[in-house]
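What you see below is based on every heavy atom in this structure, not just the backbone, and it leaves out hydrogens, waters and symmetry mates. Convention: sequence-line order gives letters A, B, ...; per-chain numbering from 1.
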Amino acid sequence: MSNFQEKVWKVTKKIPRGKVATYTAIARKIGHPRSARPVGNALNRNPYRDVPCHRVIRADGSVGGFARGTKAKLNLLKDEGIKIVGHKVRPKYIIT
DNA sequence: CTAATGACCATTA
DNA sequence: ATAATGGCCATTA
């Protein structure tokens with residue numbers, strides 16, 4: 001796997017249950033501040049079970065995509081007690 | 001090497 | 001509110 005991908009997965013693994021981060025924030029953390037899109041691409045191809053890729057959302061708070069479907073992503077977030085209002089995750093759950 | 005593809009983003013219509 | 005558009009950039013073909 002590429003170094004970029006490994007960095008994305010490593011950082012994503014640290015997002016605690018009940019919290020979320022944005023694609024842009026991940027990009028910033030790994031030193032590629034304009035690579036939000038490639039971050040999404042990397043998460044789409046994530047092979048590890050212990051990286052919670054469902055906890056990564058868009059910059060505007062909307063849920064964003066998921067390899068197994070948006071519906072599944074919503075259910076996983078709901079199971080962690082994350083509240084969504086008007087298709088947007090509440091800012092209180094988002095870590096910068 | 002070039003061209004196309006996106007789990008994105010900001011702006012505009 | 002949605003839709004289109006242009007930009008972005010790692011990865012893949």
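Side chain of A:Thr12 to main chain of A:Val8: a donor-acceptor pair is present (N/O by atom type, distance under 3.5 Å, no hydrogens or angles). Using a distance-only test at 3.5 Å, with no hydrogens or angles considered, a donor-acceptor pair links the side chain of A:Arg55 to the main chain of A:Ile15. Side-chain atoms of A:Glu6 never come within 3.5 Å of backbone atoms of A:Asn3 as a donor-acceptor pair (strictly under, hydrogens ignored).
Side-chain nitrogen and oxygen atoms of A:Ser2 include none within less than 4.0 Å of the OP1 or OP2 phosphate oxygen of C:dA10. Phosphate contact (OP1/OP2 of B:dC9, side-chain N/O of A:Thr24, threshold under 4.0 Å): present. Taking side-chain N and O atoms only, A:Arg34 has no distance below 4.0 Å to OP1 or OP2 of C:dC8.
Closest approach to the A:Pro38 side chain among C:dA10, C:dC8, B:dC9 is made by C:dA10 (side chain taken as heavy atoms from C-beta onward). Residue A:Ala67 places its side chain closer to B:dA7 than to any other of B:dC9, B:dA7, C:dT11. Candidate nucleotides C:dT11, B:dA7, B:dC9 were compared by shortest atom distance to the side chain of A:Gln5, and C:dT11 ranks first.
Across every non-hydrogen atom of A:Thr22 and A:Val56, the tightest pair is C-CG1, 3.9 Å.
Spacing between atom CG of A:Leu43 and atom C1' of C:dT11 amounts to 14 Å, rounded to whole angstrom units. Distance CG (A:Asp60) to P (B:dA10): 8 Å, rounded to an integer number of Å. Across the protein-nucleic acid pair, A:Phe4 atom CZ and C:dC9 atom P stand 11 Å apart, rounded to whole Å. In this entry the distance linking CG of A:Asn44 with P of C:dA10 reads 17 Å, nearest Å. Counting to the nearest Å, the P atom of C:dC9 and the CZ atom of A:Arg45 are 18 Å from each other. For the pair A:Met1 CE and C:dT11 P, the computed distance is 10 Å after rounding to whole Å. Atoms CD (A:Glu6) and P (C:dA10) sit 16 Å apart, rounded to a whole Å. Per the geometry, CD1 belonging to A:Ile26 stands 11 Å off P belonging to B:dC9, to the nearest Å.
Under 3.5 Å, the side chain of A:Arg37 and the base of C:dG7 form at least one donor-acceptor pair of N or O atoms.
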Criterion salt bridge (Lys or Arg N to Asp or Glu O under 4.0 Å) on A:Lys19 and A:Glu80, from CA distance to verdict: CA-CA 8 Å; A:Lys19 299 256 169 178; A:Glu80 300 188 353; over 6 Å; no
Pair pattern of DNA chain C in dot-bracket, where unpaired bases get dots and | marks partners in another strand, Watson-Crick or G-U under 3.5 angstrom: .||||||.|||||
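In this structure, the side chains of A:Asn41 and A:Arg45 come closer than 4.5 Å at one or more pairs of heavy atoms. Side-chain atoms of A:Lys7 and A:His32, non-hydrogen and from C-beta on, do get closer than 4.5 Å to each other.
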